[in-house]
Every structure is written in C-alpha cells, then in structure tokens.
Amino acid sequence: KYNGSKWRFLEHKGPVFAPAYEPLPEKVKFYYNGKPMKLSAPAEEVATFFAKMLDHEYTTKDIFRKNFYKDWRKEMTSEEKSIITDLKKCDFSEMNEYFKAQSEARKQMSKEEKQKIKEENERLLSEYGFCIMDNHRERIGNFRIEPPGLFRGRGDHPKMGMLKRRIRPEDVIINCSKDSKHPKPPPGTKWKEVRHDNKVTWLASWTENIQGSIKYIMLNPSSRIKGEKDWQKYETARRLKKCVDRIRTQYREDWKSKEMRIRQRAVALYFIDKLALRAGNEKEEGETADTVGCCSLRVEHIKLFPKMDEQEYVVEFDFLGKDSIRYYNKIPVEKRVFKNLQLFLENKQPEDDLFDRLNTSILNKHLQELMDGLTAKVFRTYNASITLQQQLKELTCCDDSIPAKLLSYNRANRAVAILCNHQRAPPKTFEKSMQNLQTKIDEKQNQLSAARKQLKAAKANHKASHDDKSKKAVEVKRKAVQRIEEQLMKLQMQATDREENKQIALGTSKLNYLDPRISVAWCKKWGVPIEKIYNKTQREKFAWAIDMAEKEF
DNA sequence: CGTAAGACTTGCCAGTAGGCTG
DNA sequence: CAGCCTACTGGCAAGTCTTACG
C-alpha cells in the first residue's frame with residue numbers, strides 16, 4: 001500500500017442531523033399520580049422516548065426503568081423534579097396512543113403524500129448521500145446522525161434505558177481534504193472541528209454518550225475503499241490456506257509444551273480453528289452485557305466428559321457470544337486437548353478465566369509471527385470460505401435444475417452459518433408463511449394431477465384418431481405437465497429451504513465471510529444467474545469479484 | 001509493557017418499499 | 001387497486017484489531 005494514506009481528495013456535504021423535537025399537541029397529556037401535568041420541552045421529549053416503547057417488554061425491566069428514570073430526571077426542571085418522584089406513578093399511555101395513531105395515519109396517507117416524502121428522501125440522498133473521493137462519486141453508508149432516544153443494548157445490558165443524547169454540530173468532527181469545498185454547519189452553528197486526515201476513511205465522527213465510544217460516517221460497501229479492504233481480507237485468508245497445515249502441526253506440537261502459556265495458546269487456537277470461535281477480547285465489567293469469546297472463556301462455560309454416549313473426550317460449550325447469542329456445542333476433542341483442559345481447570349472457580357495466561361493480544365502477536373497479517377478472525381474467514389467451497393462441491397449435482405442448485409447453494413451457505421453460529425429469532429410470521437407455501441404446493445399438486453389426467457385423455461384420443469391435430473394436443477398437454485412439475489418442484493425446494501433456515505441467518509456469513517469469488521465461480525460453472533445468489537446491493541458490494549469472474553476458483 | 005482510544009468489521013433486527021394476489 | 005407478504009435496507013450495537021500513550 002502507498003504510505004498508509006487512504007485518499008488524496010475528499011469532499012462531502014457533511015451529515016444530516018436528526019429533526020428537531022416537535023412538542024406534543026396540547027391535548028395529549030402526561031399524567032402524574034392521575035393528574036395531568038404539563039412537562040417542559042426537554043423533559044417531555046425524553047418522556048416521549050419512553051412512551052413510544054411502552055409495548056416493549058423491556059420497559060418493565062428494573063434496570064431499564066432505573067436507568068431511564070435517572071437520565072430523565074436530569075432533563076427535568078427543578079420543579080418537575082420535586083413533583084415527579086416515582087416512575088410508577090407516571091402515566092404515559094395517552095402519549096403512547098398518540099404515537100400509535102400517528103403511525104397509523106402515516107400508513108393511511110394518500111399516494112401523493114407518500115410520493116412527496118419519497119421525493120424528499122431522494123433529494124436528501126442525492127445531496128448528502130454521496131461524496132467525492134479521488135475522482136469518484138461514492139455512496140456514503142450512513143449520512144444521517146443517529147437521533148436521540150433510549151439506549152437498548154442487546155442481551156442483559158447494564159446500560160439499557162439510558163438516554164442517548166442528541167448530537168449537535170458542535171459535537172461533530174468533519175474530515176475532508178483541505179482543497180475541497182468544506183461542508184457547512186447548519187445556520188448559526190459550528191462544527192467541533194474540521195480536520196484533514198487522509199490516514200483514515202471516515203467523513204465525520206462524534207462521541208456517543210452511552211459507552212463514550214466514537215461513531216463514524218463512512219462509505220458504503222460498494223465504494224472503492226471498502227471493496228479493496230474486503231478483497232485484501234480474502235487474500236489474507238487465501239494465504240492462510242497455504243500455510244494452515246504448518247500452523248496446525250505447530251499448535252498440536254505446542255499442546256505438549258512445558259510452558260503453560262504456550263499450551264493455553266495452542267488449545268485456544270485449536271478452538272478458534274476447529275470451531276470458528278471469535279478471539280474474545282476482554283471487556284470492562286458493568287459496561288456491557290456479559291459475553292465472551294475464545295480467550296475470555298471462563299471455567300463455567302465448558303464441561304468435560306471423559307465419556308459421553310459413544311464418544312470419548314467430549315467438551316460441552318455453553319456461553320453467550322457476540323450480541324448475547326448462545327453458543328452451545330458438544331464436541332469430541334483429541335485426548336491431549338482434553339487432558340490440557342483438565343489441567344487448566346485445576347483449582348479454579350467457575351468465574352475464573354479458562355485461559356488465565358492468555359489474551360487476544362498475546363494470541364495475535366503469536367499469529368503474526370506465524371504468518372504476516374494473521375489474526376484470530378482470519379481463521380473464521382478462511383474456515384467459512386473453505387467450508388462453502390467443499391460443501392458446494394459435495395452438494396451440487398450437475399443435472400439438477402436451477403432451483404435444486406440454489407437449494408444446494410443455500411445448504412452450503414447454511415453449513416457455514418452453523419459453523420459460525422449465526423442464528424436468528426424465528427421470524428414472527430414464520431408459521432403462517434410456511435402454511436401459505438404449503439397451500440400453494442397443495443394447489444400445484446392438484447393442478448398437476450389434473451394436467452396428467454388431461455394428458456392421458458389426449459393420448460387416448462390420439463390413439464383412437466391418429467391424426468395430426470390430436471398428436472399436437474398430446475404435445476401441448478405433455479408440455480403443460482412438465483411445466484407444472486417444474487413449478488411444483490421449485491415450490492418444494494423453497495419450502496425445504498425455508499424450513500431448514502428457520503433459526504439460521506445466512507446474511508452475515510454471505511456478506512462478511514464467504515469469498516465472493518467462490519460464489520461467482522460456482523454461478524459461472526453451473527450457469528446459475530448471479531442475481532439468484534446476490535441481490536442488487538450485494539452485487540454492488542461484490543462488484544470487484546463479479547468483474548474478476550472465472551469458472552474455477 | 002499494559003491500558004485506553006481510535007478505526008473499522010461484523011451482527012441482528014425492525015420497519016418499510018414494492019411486488020403479488022384476490 | 002387495496003391489502004398482504006416478503007425481501008431488503010438501514011440502523012446501530014457490539015465485536016476485532018491497531019495505534020497512541022504514559
């Protein structure tokens with residue numbers, strides 16, 4: 001790469017701010033202790049955030065309510081503070097109904113009104129949604145600044161319910177090139193800073209008040225700068241492929257090391273490689289939900305079974321990973337790993353670290369020595385991509401129809417998603433949509449038997465008359481049967497696919513782990529149109545791979 | 001060194017646009 | 001042509017890893 005600079009020229013219009021708060025109409029009242037009470041604008045705004053969430057379960061949770069109440073009080077006038085002393089006595093229901101009515105009204109808007117809003121959005125997008133980076137007009141990923149609201153973390157988050165404050169121009173740092181037309185802050189305001197740092201890719205940033213972390217405005221995945229990075233990531237994974245055998249031999253050797261830290265490192269790496277676990281950085285206690293990855297696993301997260309059913313040396317994993325998604329898996333491991341784990345567990349409490357001599361920085365430093373650019377997450381990318389490739393090879397039958405091939409593709413994708421533990425909550429409408437599909441299949445089946453009957457009749461007719469007309473009729477009917485058979489099969493494939501996908505999310509692996517060149521090559525090889533695999537956005541993101549297109553990869 | 005800040009990737013999900021169907 | 005359904009998109013939280021700092 002050229003001296004670490006990410007661009008030479010960068011020009012943009014700055015971010016779009018959240019719309020200002022619109023006070024509630026007079027008639028919509030907040031009640032305290034049964035009596036109507038007019039709130040000051042700042043207190044009212046925060047109250048509306050809570051009112052909008054009334055239907056959610058988390059507004060009943062203690063931590064959520066406590067955090068909300070604490071932050072809400074900060075927005076109250078001293079008079080309000082003295083009156084409002086108990087959240088339980090607050091009645092937001094009228095506000096809640098008002099917002100429901102509003103969203104109902106939005107749905108009922110006329111076509112013209114909807115059209116107008118759409119046009120306004122398009123205008124905003126064309127004005128603020130693009131930037132110029134090195135001679136290219138590029139799409140910005142997120143050009144809107146996050147609106148204020150109540151923070152809802154995932155899982156059991158200690159900060160749920162806290163007020164996410166409104167971001168003002170004075171909070172925002174702009175990054176652009178010196179010689180560009182600088183974005184103008186809204187009238188009467190100033191940016192926090194305008195800088196010209198071409199060592200980074202972001203266009204604007206601000207500090208968020210919940211975790212104190214920085215949020216960025218960056219480019220869309222279709223941009224050159226993101227695409228190149230993505231390509232680089234897969235190239236690193238390919239380099240790992242070349243030396244993975246050596247690395248595996250090495251860590252197996254390290255299981256026998258005299259040094260505890262090396263054994264721990266080697267066992268952790270084995271898990272990362274075999275199970276595609278995440279690295280597992282340390283987290284600050286009390287700041288986030290209690291989740292772990294490989295290096296931060298605790299004693300309480302694994303159980304050892306010298307014998308389980310037919311298998312020996314089984315390890316049971318049960319922990320919450322990223323986004324508090326549960327990882328549950330029972331796997332047989334090699335004897336040496338098992339013995340090492342027993343050793344690591346000796347004299348420890350459930351809440352102690354399993355790998356007490358290891359953290360991600362030690363592990364990554366070691367990986368860096370094994371291969372340039374190697375880190376823990378490269379294993380996830382590598383194993384995901386190689387699994388896709390193997391599964392595609394195994395599952396694709398050359399004389400399958402396109403729908404059958406697509407089912408194979410999705411199954412290969414699914415194998416990866418399972419490996420990476422990419423789960424989803426079953427869609428709320430899952431049962432119904434499954435039923436709908438079944439109805440369609442039943443209908444199609446009836447159609448098919450009807451068509452078959454007709455074909456039979458046509459054949460009988462032809463046998464009797466032997467004329468050209470009846471022969472044609474047979475052909476027509478035969479075609480019809482064939483067409484319906486195809487349609488039926490397609491529906492059945494869809495049903496199978498959907499059923500198998502109930503709790504599995506394919507999107508994340510498809511977007512972040514699977515080398516798109518594998519998929520593109522597969523499409524080429526089997527004559528499957530690329531649109532069947534990637535939608536428009538995905539094709540834009542993977543344009544670099546689609547352009548390279550070869551039959552083999 | 002260890003720790004914090006900074007930059008960038010990965011992750012799930014709710015809301016909605018737009019296609020389909022009765 | 002409305003209502004329904006689905007696929008997509010955007011939102012933003014939560015990871016990983018690098019860099020800066022004392």
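Just so it is clear: chains get the letters A, B, ... in the order the sequence lines come, proteins before strands, and each one is counted from 1. Because the structure is a prediction, the values reported are computed rather than measured.
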Exercise for the section: Take atom CE of A/M218 and atom P of B/dG6, then tell me their distance rounded to the nearest Å. Expected result: 13 Å

Problem - Salt bridge A/R123-A/E120, side-chain N to carboxylate O under 4.0 Å - result: yes

Problem - Geometric class of the A/Y270/A/Y251 ring pair [parallel <30°, tilted 30-60°, perpendicular >60°] - result: perpendicular

Practice task
List in chain and number order the residues that pass side chain to side chain contact (heavy atoms under 4.5 Å, CB included) with A/D55, two or more places apart in sequence or in another chain; answer none if no residue qualifies.
Solution key: A/N96, A/K100

Exercise for the section: Can you run down the side-chain hydrogen bond (donor to acceptor under 3.5 Å, both in side chains) pairs that involve residues 11-20 of chain A, sequence neighbours left out, and say none if there aren't any? Expected result: A/K13-A/E127

Problem - Side chains of A/S509 and A/N413, donor plus acceptor under 3.5 Å - result: yes

Practice task
Ignoring hydrogens and angles, state whether a donor on the side chain of A/S519 or A/Y409 is under 3.5 Å from an acceptor on the partner side chain.
Solution key: yes

Handout entry: DNA chain B: 5'-proximal contact among A/I325 and A/G212 (nearest heavy atom)
Key = A/G212

Completion exercise
Reading nucleotides 14-22 of chain B from 5' to 3' and marking B where a protein heavy atom lies under 4.0 Å of the base, S where only the sugar-phosphate is that close, and - otherwise, the string is S---S----

Exercise for the section: State, without any angle test, whether A/D356 and A/Q264 hold a side-chain donor-acceptor pair at a distance under 3.5 Å. Expected result: yes

Fill in the blank from the handout: By salt bridge (Lys or Arg N to Asp or Glu O under 4.0 Å), A/K405 pairs with (sequence neighbours left out) none

Exercise for the section: Identify whether any heavy atom of A/P147 sits under 4.0 Å from a base atom; if not, whether one sits that close to sugar-phosphate; answer base, sugar-phosphate or nothing. Expected result: sugar-phosphate

Problem - Any A/T201 side-chain nitrogen or oxygen under 4.0 Å from OP1 or OP2 of B/dC8 - result: yes

Handout entry: Polar contact flag, side-chain donor to acceptor under 3.5 angstrom, A/N501-A/R414
Key = yes

Completion exercise
To the nearest angstrom, the CD-P distance between A/E208 and C/dA13 comes to 7 Å

Fill in the blank from the handout: Sorted by number, residues from residues 149-164 of chain A placing a heavy atom under 4.0 Å from DNA chain C are A/F151, A/R152, A/G153, A/R154, A/H157, A/K164

Handout entry: Integer-rounded Å distance: B/dC8 P and A/Q232 CD
Key = 12 Å

Exercise for the section: For DNA chain B, determine which residues of residues 496-510 of chain A have any heavy atom closer than 4.0 angstrom to one of its atoms, and list them numerically. Expected result: A/T508

Can you name the atoms? Protein N/O to nucleotides 8-10 of chain C N/O, anything below 3.5 Å, with the distance.
residue: C/dC8; atom: O5'; partner: A/N535; partner atom: ND2; Å: 3.3
residue: C/dT9; atom: OP1; partner: A/T537; partner atom: OG1; Å: 2.5
residue: C/dT9; atom: OP2; partner: A/T537; partner atom: OG1; Å: 2.2
residue: C/dG10; atom: OP1; partner: A/R139; partner atom: NH2; Å: 3.3

Problem - Letter per nucleotide, 5' to 3', of nucleotides 15-22 of chain C [B base touched, S only sugar-phosphate touched, - untouched; heavy atoms, 4.0 Å] - result: SBBS----

Problem - Salt-bridge present (A/D171, A/R165; N to O < 4.0 Å) - result: yes

Handout entry: side-chain hydrogen bond (donor to acceptor under 3.5 Å, both in side chains) partner of A/D290, chosen from A/K283, A/H157, A/R298
Key = A/R298

Using atom types as modelled, flag every donor-acceptor pair under 3.5 Å from a side chain in residues 439-448 of chain A to any protein atom, sequence neighbours excluded.
residue: A/T439; atom: OG1; partner: A/Q435; partner atom: O; Å: 2.8
residue: A/D442; atom: OD1; partner: A/Q438; partner atom: NE2; Å: 3.2
residue: A/K444; atom: NZ; partner: A/Q487; partner atom: OE1; Å: 2.9

Problem - Rounded distance (Å) that lies between atom C1' of C/dT6 and atom NZ of A/K432 - result: 12 Å

Problem - Donor-acceptor side-chain pairing of A/Q232 and A/E228 below 3.5 angstrom - result: no

Handout entry: Atom pair distance, as rounded to whole Å: CD in A/E284 and C1' in B/dA5
Key = 12 Å

Handout entry: Rounded distance in Å - CH2 (A/W206) to P (B/dG6)
Key = 15 Å

Exercise for the section: Compare side-chain N and O positions of A/K233 against OP1 and OP2 of B/dT10 and report whether any pair is under 4.0 Å apart. Expected result: yes

Handout entry: A/Y216 side chain near C/dC12 phosphate (N/O to OP1/OP2, under 4.0 Å)
Key = no

Handout entry: Main-chain N/O of A/Y513 paired with A/S385 side-chain donor or acceptor, under 3.5 Å
Key = yes

Handout entry: Separation of B/dG2 P from A/K365 NZ (nearest whole Å)
Key = 8 Å

Practice task
Output all residues satisfying side-chain hydrogen bond (donor to acceptor under 3.5 Å, both in side chains) with A/N383, sequence neighbours left out; order by chain, then residue number.
Solution key: A/D273

Completion exercise
Here the distance between atom C1' of C/dA7 and atom CZ of A/F430, to the nearest Å, is 15 Å

Exercise for the section: Check whether any side-chain N or O of A/K215 sits under 4.0 Å from OP1 or OP2 of B/dA7, and answer yes or no. Expected result: no

Handout entry: Partner set under side chain to side chain contact (heavy atoms under 4.5 Å, CB included) for A/A268, not counting sequence neighbours
Key = A/C294, A/F355, A/L358

Handout entry: Residue list, side-chain hydrogen bond (donor to acceptor under 3.5 Å, both in side chains) with A/N175, at least two apart or on another chain
Key = none

